[in-house]
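Being a predicted model, the structure only gives us computed values, none of them experimental. Just follow the structure's listing: the first ligand is 1, and inside any ligand the first atom is 1. All values below come from the heavy atoms of this structure, side chains included, with hydrogens, waters and symmetry mates left out.
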Amino acid sequence: MNSNLKKGLCVLSFLTAGFSLFGQSTESDYLIKMDVDKIGPTIQPTMYGVFFEDINFGADGGLYAELIKNRSFEFEYPFTGWTPFGDVSIRSDKPCFDRNPLYARLINRKQLTGTGLINEGFKGIGIKTNEKYDLSFYARTLKNETMKLKIEMVSDKNDIIESKEVSINSKPWNKYMITFAPMQTCSKSSIRITMLTTGVLDIEHISLFPQETFNNRSNGLRKDLAMALKDLKPGVFRFPGGCIVEGTDLSTRYQWKNTIGPVENRPININRWNYTFSHKKFPDYYQSYGLGFYEYFVLSEDIGAEPLPVLNCGLSCQYENIDPNQNCPVDKLEPYIEDALDLIEFANGPITSTWGKIRADMGHPAPFNLKMIAIGNEQWGTLYTERLEPFVKAIRAKYPNIKIIGSSGPQAEGKDFDFLWPEMKRIGVDLVDEHYYRSPEWFLSNANRYDSYDRNGPKVFAGEYACHAPDKENSFLTALSEAAFMTGLERNADVVHLCTYAPLFAHKEAWQWRPDLIWFDNLSFVKTPNYYVQQLFGNNAGTHVLALTKNGKAVSGQQNLYATAASDATDNTLIIKIANTGIDQKKISFILEGLKAGIHAVTLTHLNSSDLNAKNSFETPDLITPKVVHSEINDNKMDIALPPLSFTILRIAR
Ligand code: AHR
């Protein structure tokens, strides 16, 4: 063995405490073969992607950089997020925005308390010194007079961080803006607005954004969180969910047309994760749709991912709403189908088309080049198939090149799954969405799941998956199980064309569902070991599968090894991904048949931990991170000592 390589690996090789799932292997030597010239199936550039849903305050309070909660006073209880003081009422006469008509009227009669409003943000307002923040609002006076407002950033200790004054001198609604440059960092500040002059003032859509957003877009996204997405190198971007697509009833379903146009006039919607789990209620959880479909398409472009919208199929959540009369009758699906066709036009239509023009008016005349669309989220039964069919017919007729994705239901096997797959073939969708939130054991034993799938049917979109282990959410155990499983996805890249871990984001103080890929608070975030697994796959996807065998068989669980290999035509490298779920170091000899004689540079990237229960946390965010070792091999033989409990990427220059 090359001494450098050995040295690098030895540093990372150590025995660990036992864990029943990953048994001690008896073999000490392993020979794995790979034929570097036998180019196999294409790995789709869309293979590894991201799933986004506004769950766990992932959009409002998360990726969407707006810092004011309930900026338009439109929540069911209009003062949610606000503490009014003095004389403050909510009105809707002569509104500023017809689709978000509520606003606040402030009356100052020199009450001792003063009159004004305090906004608490999303579990506080996170602000950083050295950053600037734009606060904007719409206001009007009732008489021809100048009214003065004091606007303060207040710390969680009730100290004033910064104070500004604004004069309001317009009877018609008018927009005002001021900029804060706080001299301190505070994760839980608030905004206090106080009337300085006596009289009456109406105020609406009070908004606070950091000036610096991802790619410096207005109405933008939190830079750190969006960068974390980009760093995954996602090939595909599923949006907006998830159950949120369905709504608890159809009136609360996700309607993309409500999410475009000026943000001030996008009608808000209750978020279903507000009340879905009775043990985790968040009455202050609504969707502002500030991160709407336009922002989604722009973000997809910015992070280099193909957009994959999921649309409602005329069914509300089948778990929550079991009354079939609550669903849209099949003969009344027209508006739902039209929504799907219009979305394609919004994304791809010329600027002379109705929806293409709206896209252009919003700032993106060029088409977004949408290539696929999913109809229905976790749907099942004939309720679903009889609705899906007319969608497929209409989309095929108008947009024959758009790929259509159907659902196989919420479970990865069983009655509904067995009904739906043949139905998806009959209906002729291009891909079938499978979901699995399962145990580590399930992930390991399903690493060969796709080996026996029909090669001639629809392709697979592993559209929502995550390894669930109670009390061990986002532990190294779950990440390693996912890595082992994902080698099976890639090995079957002729069948599996897309996969997206779910959910993506979770606010540390406001989550409903875990595990999640990225945890955040108001100022920082933590990448889970699961994130690093996704990142390692995404950044090392390769372009074609290569056969990798041990004793003539794919490496899928023998002696706790799971592996796949690829070539990357873009930089002429070979890529091996290998998970060792055993607690023993594995000495492996790779024979890379066909690799030319001479020296080849090798980069090894390891993700490992001696503790399967270990997690990254806000206190120790870098406990488990990939470590890179550079080395080289001679000719076509590569001997490595694979650390116990590890996931390794080997990148070999040809
Ligand atoms: O990812 C969380 C939820 O899990 C999704 O909203 C839903 O599709 C699935 O049940």
Side-chain angles (χ1 to χ4, degrees), residues 49-60 62-63 229 234 236-249 252-254 269-280 282 285-287 291 296 308-313 315-322 373-381 383-384 388 405-414 416-417 420 431-439 442-443 460-470 473-474 478 482 498-507 510-519 528 530-531 534:
V50 285
F51 158 102
F52 181 89
E53 175 167 18
D54 191 0
I55 184 172
N56 305 319
F57 284 73
D60 289 299
L63 182 60
L229 289 191
V236 68
F237 186 4
R238 174 184 175 139
F239 180 93
C243 291
I244 218 161
V245 170
E246 301 155 357
T248 312
D249 56 26
T252 55
R253 73 189 189 277
Y254 196 101
N269 191 4
I270 193 161
N271 190 309
R272 62 159 292 153
W273 301 108
N274 176 313
Y275 50 77
T276 297
F277 296 135
S278 54
H279 62 290
K280 282 224 152 256
F282 288 88
Y285 201 2
Y286 283 69
Q287 299 170 84
L291 196 186
Y296 157 60
L308 164 43
V310 184
L311 292 196
N312 187 290
C313 65
L315 291 176
S316 53
C317 176
Q318 287 175 264
Y319 283 118
E320 303 284 327
N321 185 357
I322 46 172
I373 193 165
I375 304 298
N377 174 45
E378 281 181 345
Q379 323 297 163
W380 62 83
L383 272 182
Y384 175 49
L388 177 64
I405 301 172
S407 165
S408 63
Q411 303 300 335
E413 60 268 306
D416 295 319
F417 182 89
L420 282 170
L431 293 108
V432 178
D433 183 11
E434 296 192 354
H435 292 184
Y436 21 83
Y437 296 106
R438 298 299 180 89
S439 66
W442 187 94
F443 272 86
V460 171
F461 169 32
E464 290 185 28
Y465 67 93
C467 178
H468 281 219
E473 292 87 4
N474 292 125
T478 63
E482 286 154 8
L498 321 162
C499 63
T500 54
Y501 180 100
L504 183 57
F505 286 121
H507 192 297
W511 59 272
Q512 298 82 46
W513 179 293
R514 62 180 180 182
D516 305 284
L517 207 59
I518 299 168
W519 288 80
T528 59
N530 316 75
Y531 173 95
Q534 294 295 322

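- Judged by the shortest distance from any of its heavy atoms, Y465 lies outside the 4.0 Å radius around the atoms of ligand 1.
- Screening E246, E53, Q318 for a side chain to side chain donor-acceptor pair (under 3.5 Å) with N377, the sole residue that qualifies is E246.
- Here F52 and Y296 keep their ring centres 6.0 angstrom or further from each other.
- Listed by atom number, the atoms of ligand 1 under 4.0 Å from P503 heavy atoms are 1 (O), 2 (C).
- In terms of heavy-atom proximity, V245 sits nearest to R253 at O-CB, 3.6 Å.
- An N or O contact shorter than 3.5 Å links Y437 to ligand 1 by distance.
- Side-chain atoms of S408 come within 3.5 Å of backbone atoms of D433 as a donor-acceptor pair (strictly under, hydrogens ignored).
- Distances below 4.0 Å separate heavy atoms of G242 from the following atoms of ligand 1: 5 (C), 6 (O), 8 (O).
- Among residues two or more places apart in sequence or in another chain, the salt bridge (charged side-chain N to carboxylate O under 4.0 Å, His left out) test is passed with D60 by none.
- Within the 4.0 Å heavy-atom criterion, the part of N377 lying near ligand 1 is the side chain and not the backbone.
- Taking the ring centroids of W380 and Y319, they lie under the 6.0 Å cut-off.
- Residue-ligand proximity: G241 is placed with every non-hydrogen atom at 4.0 Å or more from ligand 1.
- Heavy atoms of W273 found under 4.0 angstrom from ligand 1 belong exclusively to the side chain.
- Looking from atom 9 (C) of ligand 1 to the surrounding protein, the closest heavy atom is E464 OE1, 3.0 Å.
- At least one N/O-N/O distance between E378 and ligand 1 falls below 3.5 Å.
- Remark: side-chain polar atoms of Y285 are paired, donor with acceptor, to backbone N or O of I55 under 3.5 angstrom.
- Polar contact with ligand 1: present for E53 (N/O pair, distance under 3.5 Å).
- At under 3.5 Å, not a single nitrogen or oxygen of F51, backbone or side chain, sits near a nitrogen or oxygen of ligand 1.
- Between F237 and F239, the angle of the ring planes goes over 60°, which puts this pair in the perpendicular group of the 30/60° scheme.
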